**Student:** 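Here it is: the structure, laid out below.
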Amino acid sequence: MQAPSAAANPLRHALHPDIDEALIERLVRHFYHRVRDDAVLGPVFARRIEDWEPHLATMMAFWSSVTRMTGRYKGNPVPKHKALSEVTPAHFERWLALFRESAEEVCPPGAAALFVDRAERIAQSLQLSMFGLPELRAAARPTPS
Amino acid sequence: MTAIPSGLTAYKTTPVFTEETVPAGLTSEHRTKAGVWGVIHVLSGSLRFRAPDRQEDKLLSPEVKGLVEPEVTHWVTPQGPVCFFIEFWR
């Protein structure tokens with residue numbers, strides 16, 4: 001996987017000083033360990049993922065892009081989620097609850113808050129695309145300038 | 001105040017772009033197709049969005065999504081490092 005270093009572009013920096021690649025790896029591994037054990041989410045993932053390491057590597061690249069601006073993730077997350085026909089907003093609620101707990105268990109408080117904030121916004125974006133929820137459509141409105 | 005009309009669905013999304021991978025077509029003037037709305041989702045960083053015909057010049061961020069009406073001339077400009085994707089509704 002291409003991994004341009006954050007140093008390649010001096011403007012790129014972690015959004016929080018405690019967030020480095022090692023913390024991202026700990027969080028991703030801890031979170032997906034909990035997901036796999038979860039009665040609601042575990043079966044959704046188990047139906048699609050046999051070899052977890054490539055998925056974990058993708059998720060580390062994703063969170064590296066989002067929280068450290070490294071540009072490592074180049075995928076398209078929306079179609080993969082739209083293909084999950086059995087997934088409902090309740091699955092997202094559970095996903096966010098587990099992610100929030102995982103972040104608080106693994107990360108210093110400031111870094112945990114940042115991960116959770118981004119996770120909530122990303123979950124909102126995915127749900128807008130998947131379910132077209134009216135309240136989420138309203139959230140997509142431009143703010144008055 | 002505009003919003004995506006009811007009854008439309010998201011039918012296409014771009015990959016996640018950065019300031020280094022954003023296609024030139026998005027950073028120069030272009031128009032959404034007839035009947036197609038665009039939603040710009042910024043995952044990190046910020047993106048300047050301009051649509052002069054709509055008197056819009058605003059900074060998009062994880063807190064502020066961009067909404068592009070059909071057939072509106074617009075373009076985006078990364079403001080330093082950014083990570084975003086675009087979704088199309090019709």
Side-chain angles (χ1 to χ4, degrees), chain A residues 2 4 6-16 19 58 61-83 114-145, chain B residues 1-23 37-52 54-69 72 74 78-90:
Chain A
Q2 277 190 310
N9 179 341
L11 291 174
R12 291 184 171 184
H13 61 278
L15 301 184
H16 189 282
I19 299 180
T58 299
F62 178 82
W63 283 107
S64 175
S65 279
V66 170
T67 62
R68 302 188 68 237
M69 314 303 295
T70 56
R72 285 178 53 202
Y73 179 80
K74 295 173 170 55
N76 187 334
V78 176
K80 291 185 176 66
H81 287 85
K82 291 188 82 162
L114 196 135
F115 275 114
V116 169
D117 176 77
R118 293 305 152 102
E120 287 173 347
R121 296 185 192 284
I122 291 159
Q124 188 197 54
S125 286
L126 290 171
Q127 289 185 86
L128 170 64
S129 184
M130 293 169 74
F131 312 126
L133 300 176
E135 61 268 33
L136 294 177
R137 280 208 305 273
R141 288 173 181 170
T143 51
S145 51
Chain B
M1 178 80 77
T2 51
I4 299 172
S6 299
L8 302 191
T9 56
Y11 72 98
K12 189 172 76 174
T13 52
T14 69
V16 172
F17 298 125
T18 70
E19 74 284 3
E20 292 175 352
T21 62
V22 56
W37 293 67
V39 181
I40 304 171
H41 298 257
V42 175
L43 302 177
S44 262
S46 61
L47 198 60
R48 185 176 177 188
F49 173 83
R50 279 174 281 188
R54 289 288 186 274
Q55 287 83 47
E56 280 203 77
D57 182 346
K58 62 195 291 189
L59 274 187
L60 308 182
S61 66
E63 294 79 20
V64 181
K65 291 180 174 61
L67 186 62
V68 194
E69 294 173 61
V72 168
H74 66 282
Q79 306 292 291
V82 67
C83 181
F84 71 100
F85 68 92
I86 303 172
E87 176 175 59
F88 300 97
W89 291 64
R90 67 181 175 196

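Every value quoted in this text rests on a predicted model; they were computed, and no experiment measured them. A, B, ... follow the sequence lines: proteins, then strands. Residue 1 opens every chain.
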**Student:** Can you give me the closest heavy-atom contact between B/Thr13 and A/Pro79, atom names plus distance?
**Tutor:** OG1-CD, 3.5 Å
**Student:** Any chance you could measure A/Arg72, atom CZ, to B/Thr18, atom OG1, to the nearest 0.5 Å?
**Tutor:** 13.5 Å
**Student:** To the nearest 0.5 angstrom, please state how far the OG atom of A/Ser125 sits from the CZ atom of B/Phe85.
**Tutor:** 5.0 Å
**Student:** Does any heavy atom of chain A fall under 4.5 Å from the side chain of B/Thr9, the backbone, both, or neither of them?
**Tutor:** neither
**Student:** Quick one: CZ on A/Arg118 to CG on B/Leu43, what's the gap to the nearest 0.5 Å?
**Tutor:** 8.5 Å
**Student:** Drop me the distance from B/Cys83's SG to A/Met69's CE, to the nearest 0.5 angstrom.
**Tutor:** 6.0 Å
**Student:** If you measure from CD on B/Glu63 to CZ on A/Arg121, what distance do you get to the nearest 0.5 Å?
**Tutor:** 4.0 Å
**Student:** Search all heavy atoms of A/Pro77 against all heavy atoms of B/Val16 and return the closest pair with its distance.
**Tutor:** CD-CG2, 3.9 Å
**Student:** CG of A/Leu128 to NZ of B/Lys65: how many Å apart, nearest 0.5 Å?
**Tutor:** 7.0 Å
